[in-house]
Amino acid sequence: MPRDLVAKVLKSSQPGSTVDVRGWVRTKRESKGGFAFLEVNDGSCFGNVQVVVDGKLPGYETWIKEITTGASVAILGEVVESPGKGQRVEVRANEVRVLGTADSATYPLQKKGHSYEFLREKAHLRPRTNTFGAMARVRNALCDAIHRFFQDRGFLYVHTPIITTSDCEGAGQLFQVTTLDIAKLASGGRESSGSTSPVDYAHDFFGKKAGLTVSGQLEAEIFACAVGDVYTFGPTFRAENSNTTRHLSEFWMVEPEMPFYELEDDMDLAESFVRTIIKDVLNRCPDDLAFFNERIEPTLLESLHHIVEHDFIRLTYTEAIEILLKSGQTFEYPVSWGTDLQSEHERYLTEQHFKQPVILTDYPRQIKSFYMRCNDDSKTVRAMDVLVPRIGEIIGGSQREERHDLLVSRMQECGLNPEDYWWYLELRQYGTVPHAGFGLGLERTLQLMTGMHNIRDCIPFPRAPKTADF
RNA sequence: UCCUCGAUAGCUCAAUUGGUAGAGCGAGCGGCUGUUAACCGCUAGGUUCUAGGUUCGAGCCCUAGUCGAGGAGCCA
């Protein structure tokens with residue numbers, strides 16, 4: 001399709017050139033003086049191109065009525081310098097074709113602003129709004145920056161399975177994947193023969209209980225311990241009944257895993273990663289981010305530049321506890337060594353005490369996962385969380401326990417059956433190496449990048465409890 | 001899952017102590033204008049989330065439910 005993108009027309013088209021612009025009408029300003037202005041957007045950039053339509057064009061009286069907010073049009077015209085304010089150039093139409101009308105009496109999107117709650121119910125149309133068009137472009141730029149960061153450093157992109165039979169980490173509720181007939185089971189039927197249990201997973205599709213992955217980490221470790229630095233980047237599923245502005249049932253996660261890395265290397269990579277991808281998106285999407293800064297979060301650009309330009313604060317969990325205890329703040333949840341930090345504690349550290357991203361390390365072992373490497377103090381593990389203002393945790397990572405016997409005892413301590421993780425343990429039995437990795441939540445990073453308050457507005461089609469339309 | 005709040009015109013909201021349902025925007029029509037969240041006038045538009053209950057009378061009070069928002073937990 002040899003159409004001309006609005007982005008190109010606005011940025012570089014010279015007066016006198018002929019263009020073929022196609023897109024959706026945002027507004028029409030009609031003049032009975034015999035002409036009309038159309039604002040046409042095709043998603044290629046934040047801005048619209050202003051199209052000037054002369055009333056003397058053939059059939060004007062007929063088709064100008066069909067052009068309303070939301071209609072799709074094809075404009076053949078000439079780029080001219082704009083005498084009006086607000087745009088460098090505009091398009092003087094020679095030919096206008098209405099490709100699809102949008103009945104103004106029923107088209108849900110109006111020229112005025114809508115609430116995000118309303119737009120979530122119109123997920124099929126909300127990409128046509130300023131906010132969600134900008135979000136789509138920022139999300140794309142962010143994903144590109146993520147791949148570029150790892151590819152530039154020689155990481156391999158590894159695809160880990162979406163359907164899994166190992167309840168990885170023991171954390172996170174799995175969505176079950178089954179071909180068993182639920183209705184039949186519910187009515188007292190049996191999906192198995194000769195078993196007293198109503199459900200015999202040996203007869204299920206995979207021959208055992210299966211679910212959607214909650215993390216690709218364990219599989220990523222397999223490849224890190226074979227082909228070097230790797231990363232996964234794909235959807236992740238949590239069946240938790242979380243109803244917050246920071247949780248989704250289906251979200252995208254980036255999980256690098258690096259052999260021969262210790263915790264300090266892991267932190268260095270995580271910090272470099274966050275700062276680099278933010279910088280890349282700042283460079284690539286200035287118009288979109290300016291919009292978010294103006295309409296959504298007035299401190300957005302300032303805070304993003306601050307993150308890019310300053311080193312992250314690094315301290316241990318124990319040091320953080322001391323700071324919180326000495327803060328003089330009254331917290332709803334008391335601070336004490338050995339319990340996990342609450343949202344209010346994280347926010348105090350990132351938003352009030354340090355006013356920038358913080359990496360906390362060496363958490364108590366009893367509040368962290370089995371695979372994290374135990375410190376010599378036998379009280380803490382080599383975990384690290386990257387906390388940022390407004391959002392909280394966007395990265396959780398650790399150096400992995402590479403010592404076979406210690407890993408087995410940690411599994412037992414966490415109530416896991418080592419036999420279920422036989423292949424994970426064999427990585428430690430045969431040619432084990434120190435290694436580390438972390439996970440970054442894509443949509444939380446988008447919250448940070450755009451200032452959008454609800455994570456459901458940072459993914460095209462959000463999945464959350466009672467929410468899976470479109 | 002817990003706490004708090006909410007659901008009224010297409011959208012955002014108002015409605016005094018329980019007493020005939022309102023505005024702005026949007027839409028339709030008309031006017032005006034190189035306009036740019038255009039502007040001015042007129043018109044239409046309602047089973048007040050659902051099901052019960054109290055009352056002479058319920059948008060408002062009571063009970064249950066559904067959905068939504070914010071906060072919390074879990075986490076990324």
Side-chain angles (χ1 to χ4, degrees), chain A residues 26-40 47-55 65 68-70 80-87 90 92 102-122 130 169 171-173 214-217 235-255 270 295 331-333 339-347 367-369 385-388 391-397 438-448 453-459 464-467 469:
Chain A
R26 287 291 178 81
T27 76
K28 172 182 71 172
R29 292 182 290 275
E30 204 177 345
S31 167
K32 285 295 182 296
F35 53 94
F37 297 97
L38 309 179
E39 295 271 350
V40 177
N48 310 319
V49 66
Q50 174 163 283
V51 177
V52 186
V53 183
D54 193 306
K65 284 191 171 56
T68 56
T69 298
V80 297
E81 280 185 42
S82 179
K85 288 176 184 167
Q87 58 276 323
E90 62 192 26
R92 193 169 295 273
D103 184 357
S104 56
T106 57
Y107 184 62
L109 301 182
Q110 303 171 355
K111 294 178 195 178
K112 278 267 188 171
H114 294 282
S115 68
Y116 297 116
E117 297 80 33
F118 172 73
L119 290 172
R120 265 171 235 149
E121 297 170 359
K122 311 286 178 194
N130 285 333
E169 310 181 28
Q173 292 282 98
V214 295
S215 168
Q217 179 198 318
T236 304
F237 308 88
R238 303 278 167 90
E240 268 135 20
N241 193 6
S242 298
N243 293 285
T244 78
T245 54
R246 305 182 301 286
H247 291 85
L248 291 165
S249 306
E250 176 183 298
F251 63 99
W252 286 64
M253 189 154 65
V254 182
E255 295 179 288
R295 298 293 286 274
F331 295 111
E332 187 183 346
Y333 292 86
T339 58
D340 214 350
L341 296 181
Q342 306 292 319
S343 289
E344 57 175 343
H345 304 144
E346 296 179 353
R347 292 183 72 115
I367 60 171
K368 287 295 185 182
S369 299
D385 284 357
V386 178
L387 312 177
V388 296
I391 316 300
E393 182 181 348
I394 59 165
I395 282 181
F438 61 82
L440 171 119
L442 184 72
E443 287 77 16
R444 287 202 183 162
T445 309
L446 279 165
Q447 284 186 284
L448 179 69
H453 298 118
N454 195 317
I455 200 167
R456 298 179 188 193
D457 299 323
C458 295
I459 188 168
K466 301 282 191 295
T467 305
D469 293 332

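Each chain gets a letter, A, B and so on, in the order the sequences are listed, and its residues count up from 1.
- Put simply, CZ on A:Phe118 is 18 Å from P on B:rC25, counting in whole angstrom units.
- Looking at heavy-atom distances under 4.0 Å, A:Phe37 makes contact with a base.
- Remark: ring of A:Phe251 overlaps the six-membered base ring of B:rA76 in a stacked fashion, centroids less than 5.5 Å apart, planes less than 30° apart.
- Atom CD in A:Glu30 sits roughly 12 Å away from atom P in B:rA27 (whole-Å rounding).
- In this structure, A:Glu443 contributes its side chain and A:Trp252 its backbone to a donor-acceptor pair below 3.5 Å.
- Nucleotides B:rC56 and B:rG65 have their C1' atoms positioned 29 Å apart, rounded to a whole Å.
- If you take atom P in B:rA58 and the same atom in B:rA51, they sit 15 Å apart, rounded to whole Å.
- Between A:Ile394 and A:Leu440 the shortest side-chain heavy-atom distance falls below 4.5 Å.
- Considering only side-chain atoms of A:Asp340, the nucleotide from B:rG28, B:rC75, B:rG34 that sits closest is B:rC75.
- Distance check: A:Ser104 OG to A:Lys28 NZ gives 8.0 Å after rounding to the nearest 0.5 Å.
- At whole-Å resolution of the value, CZ in A:Phe35 and P in B:rU36 are 11 Å apart.
- Per the geometry, CD belonging to A:Gln173 stands 16 Å off C1' belonging to B:rA76, to the nearest Å.
- B:rU12 and B:rA7 have their C1' atoms separated by 13 Å, given to the nearest Å.
- In terms of position on RNA chain B, the residue among A:Lys28 and A:Ile394 whose nearest nucleotide sits closer to the 5' end is A:Lys28.
- Closest to the A:Arg238 side chain, of the nucleotides B:rA76, B:rC25, B:rC74, is B:rA76.
- OP1 or OP2 of B:rA38 sits under 4.0 Å from a side-chain N or O of A:Arg29.
- Straight-line distance from the CD atom of A:Gln217 to the C1' atom of B:rA76: 12 Å, rounded to whole Å.
- Contact of A:Arg444 with B:rC75 (side chain to base): a donor-acceptor pair of N or O atoms is detected under 3.5 Å.
- Aromatic ring centres of A:Phe331 and A:His345 lie closer together than 6.0 Å.
- To the nearest whole angstrom, the two P atoms, one in B:rG53 and one in B:rC60, are 14 Å apart.
- Within the 4.0 angstrom heavy-atom criterion, only backbone atoms of the sugar-phosphate kind lie near A:Glu393; the bases stay farther away.
- Using atom P as the reference point in both B:rA38 and B:rG45, the two lie 27 Å apart (nearest Å).
- Phosphate contact (OP1/OP2 of B:rU12, side-chain N/O of A:Ser115, threshold under 4.0 Å): present.
- A gap of 44 Å separates the P atoms of B:rC29 and B:rU66, to the nearest Å.
- Nearest to the side chain of A:Ala105, among B:rA27, B:rA76, B:rG34, sits B:rA27.
- When the options A:Gln87, A:Arg29, A:Arg26 are evaluated for a side-chain hydrogen bond (donor to acceptor under 3.5 Å, both in side chains) with A:Glu39, the one that passes is A:Arg29.
- In this structure, A:Asn243 CG and A:Thr467 OG1 are separated by 8.0 Å, a value rounded to the nearest 0.5 Å.
- Remark: P of B:rA27 and NE2 of A:His114 are 10 Å apart, rounded to the nearest angstrom.
- Here A:Glu250 lies out of heavy-atom contact (under 4.0 Å) with every strand.
- Spacing between atom CG of A:Asp469 and atom C1' of B:rU66 amounts to 15 Å, rounded to whole angstrom units.
- Considering every non-hydrogen atom in both A:Leu446 and A:Cys458, the closest pair reads CD1-O, 3.4 Å.
- Interatomic distance, A:His453 NE2 to A:Gln447 CD, rounded to the nearest 0.5 Å: 9.5 Å.
- Side-chain contact check for A:Val214 versus A:Glu240: every heavy-atom pair is 4.5 Å or farther apart.
- In this structure, A:Ile395 reaches the sugar-phosphate backbone alone: every heavy-atom distance under 4.0 Å involves primed, P, OP1 or OP2 atoms, never a base.
- Looking at heavy-atom distances under 4.0 Å, A:Glu443 makes no contact with the nucleic acid at all.
- Rounded to a whole angstrom, the distance from the C1' atom of B:rA23 to that of B:rU36 is 27 Å.
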Enumerate donor-acceptor pairs with a distance under 3.5 Å from any side-chain N or O in residues 114-121 of chain A to protein atoms, sequence neighbours excluded.
unit_1, atom_1, unit_2, atom_2, d
A:His114, NE2, A:Gln110, N, 2.8
A:Ser115, OG, A:Phe118, N, 3.1
A:Arg120, NE, A:Asp457, OD1, 2.8
A:Arg120, NH2, A:Asp457, OD2, 2.8

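- Scanning atom types as modelled, one donor and one acceptor separated by under 3.5 angstrom connect the side chain of A:His247 and the base of B:rC75.
- Rounded to whole Å, the distance from CG on A:Asp103 to C1' on B:rG28 is 11 Å.
- Look at the C1' atom in both B:rA21 and B:rU33: the space between them is 37 Å, to the nearest Å.
- A 6.0 Å sphere centred on CD of A:Glu344 holds more than 12 heavy atoms belonging to other residues, nucleotides or ligands.
- Scanning atom types as modelled, one donor and one acceptor separated by under 3.5 angstrom connect the side chain of A:Gln50 and the base of B:rU35.
- In this structure a side-chain-to-backbone donor-acceptor pair under 3.5 Å is missing from A:Arg456 to A:Leu248.
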>> Generate the contact string for nucleotides 67-72 of chain B. Rules: B means base contact, S means sugar-phosphate contact only, - means no protein heavy atom under 4.0 Å.
In response: SSSSBB
> What pattern of brackets, bars and dots sums up RNA chain B from 5' to 3', given Watson-Crick or G-U wobble pairs under 3.5 Å, [ ] for crossing pairs and | for another strand?
Replying inline: (((((((..((((.....[..)))).(((((.......))))).....(((((..]....))))))))))))....
